[in-house]
2 protein chains.
Amino acid sequence: MKAVIPIDTKEQILNVAEELFAEQGFAGTSLRQVIKKAGVNLSAVHYHFGSKEELFRAVVARTAQPIVKTSLEQLALVEAREEPPTLEAILEAFINPSLLVFINNGGGDRSTNCARLMGRCRTEPDPIQKIADAEFEELCEAYLDALQRVLPDQSRNELNWKLDLVVAVLIRVLTEAGKPDALIQGNSPEAIELVVSRLVNFVAPGMRS
Amino acid sequence: MKAVIPIDTKEQILNVAEELFAEQGFAGTSLRQVIKKAGVNLSAVHYHFGSKEELFRAVVARTAQPIVKTSLEQLALVEAREEPPTLEAILEAFINPSLLVFINNGGGDRSTNCARLMGRCRTEPDPIQKIADAEFEELCEAYLDALQRVLPDQSRNELNWKLDLVVAVLIRVLTEAGKPDALIQGNSPEAIELVVSRLVNFVAPGMRS
DNA sequence: TTTTAATTCAAACGAATGTTTGAAAAACCC
DNA sequence: GGGTTTTTCAAACATTCGTTTGAATTAAAA
């Protein structure tokens, strides 16, 4: 007898939707593509999520929330260790969780899909962009506060655009993972630790300038 | 008698398509939206461009080519002035043309649309992404060559991902122009010069690290 | 076991989509 | 002016889309 691990319908839809929204975007992905790949019925989407947009919202939330949670935890750790922490420590706490997602997904497609999804959200008009912004608002505020304590001579405004650029860099690095010439070439903890280090070294001097 | 400046159909389509592709993406923009806004007939798109994808290709090309041209010219100037040029000079030559597009468009919507379009191309699956990559290939090769002469201790691979991140940063800055907290707040030559300077200062140390 | 609630099913709806088609109009050339 | 080429027009096509609907099935509760 073949042991089948039942995955519930809702989870199946989310998994496939995440993949396709990352690959093709919101407008470029049809619900029929999603349900076909997930092997479920079209009406299940509306039953469980209500609409395509709500499905997207759910996918973004489940992508963002683990990253936000871990990033806030790591910031708290860093601040508990020394107050004020170094700029490098803060940046590392910011960058690490996304890279952890990468490791936890074995460097497979899901790893880059999270980044691709976030990258896409940042190019969409509202309401899509606002969906993603809302998920990360708390995280950004916390890190801006921390940065302001470390770099008190810089305005909030300046720290804001710089942090935004760090996000752009991070998303790009993750999206390009595994491609020829990319910074990320492997997914062992050692390789990722090196990536984090190099990224911090890339952006820290700019943050200080 | 009202003086009407005739703009030809093809140009009208390209103008509107650029705007809508930037705002909504390839998949999210329908030809009917484009022709409605351009005030032309639907078949004109197929007559002049052959297909939606070819229209997109034409829009990307006309966005990219002035930037590529100016960037190559500025690199040549910088290299004529001193050999090897400074890293800062190279980065400035890279960043300036995009900012010039901003000034030339009066900081209006078209200014951010070019950046948004490029940003979107970078999140699309092929063949869209390849369309844009092809346009910038010559430019990237030229700048990588120049960077390699200035930073000979870094591998081509490393310079490649770093330049790619500079592009990500540049696109993001232009896309966010005019928003609260954004780096770009005005479009006078002086304001833009300051932006270029600050951007160079943001990325140059990271390039060297 | 029966009733109620939750979930899935498949068909249908109205709208939208890119492409094609042949005709009409406009532009060009001799 | 007439013939040819280019451009525009509007209708049509086949397909796809997100959403809705009522029925059937499954699961949970009494």
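Values below: every heavy atom of this structure, side chains too, minus hydrogens, waters and symmetry copies. Reminder, nothing fancy here: chain letters follow the sequence lines and each chain counts from 1. The model shown is predicted, which means the values in this text are computed figures rather than measured ones.
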ask   = Taking atom P of D:dC17 as reference, at what distance in whole Å does atom CD of B:Gln33 sit?
value = 16 Å
Between D:dT7 (C1') and B:Gln12 (CD): distance, integer Å = 14 Å
ask   = Under a 4.0 Å heavy-atom cut-off, which of residues 45-52 of chain A touch DNA chain D?
value = A:His46, A:Ser51, A:Lys52
query = Can you check whether B:Lys10 reaches B:Phe49 side chain to side chain, under 4.5 Å on heavy atoms?
reply = yes
request  = Mind calculating the distance between CD (B:Glu11) and P (D:dT7) to the nearest angstrom?
outcome  = 14 Å
ask   = Is a side-chain donor or acceptor of A:Glu135 paired with a backbone partner of A:Ala64 at a separation under 3.5 angstrom?
value = no
inquiry  = Could you check whether B:Arg122 pairs with B:Asp164 (Lys NZ or Arg NE/NH1/NH2 to Asp/Glu carboxylate O, under 4.0 Å)?
reply    = yes
inquiry  = B:Arg32: which residues meet the salt bridge (Lys or Arg N to Asp or Glu O under 4.0 Å) condition with it, sequence neighbours left out?
reply    = none
inquiry  = How many whole angstroms separate atom CG of B:Leu31 from atom C1' of C:dA16?
reply    = 12 Å
ask   = 5'-most contact on DNA chain D: B:Thr9 or A:Thr29, nearest heavy atom basis?
value = B:Thr9
ask   = Quick one: side chain to side chain donor-acceptor pair (under 3.5 Å) partners of B:Glu138, sequence neighbours excluded?
value = none
message = Is any side-chain heavy atom of B:Glu88 closer than 4.5 Å to one of B:Met207?
response = no
inquiry  = Test of understanding: with side chain to side chain donor-acceptor pair (under 3.5 Å), list the residues that count as partners of A:Arg57, not counting sequence neighbours.
reply    = A:Glu53, A:Glu54
key: Any A:Ser30 side-chain nitrogen or oxygen under 4.0 Å from OP1 or OP2 of D:dT16   = no
ask   = CD1 of A:Ile35 versus P of D:dT16: gap in Å, rounded?
value = 13 Å
ask   = Does the side chain of B:Gln24 come under 3.5 Å of the side chain of B:Gln33 through a donor N or O and an acceptor N or O?
value = yes
Using nucleotides 9-12 of chain D, report all nitrogen or oxygen pairs with the protein that are shorter than 3.5 Å.
unit_1, atom_1, unit_2, atom_2, d
D:dC9, OP2, B:Asn41, N, 3.4
D:dC9, N4, B:Ser43, OG, 2.9
D:dA10, N7, B:Asn41, OD1, 3.4

key: Set of side chain to side chain contact (heavy atoms under 4.5 Å, CB included) partners for A:Arg198, sequence neighbours left out   = A:Leu183, A:Leu194, B:Glu158, B:Trp161
request  = Give the rounded distance in Å between these two atoms: CZ of A:Phe56 and P of D:dC17.
outcome  = 17 Å
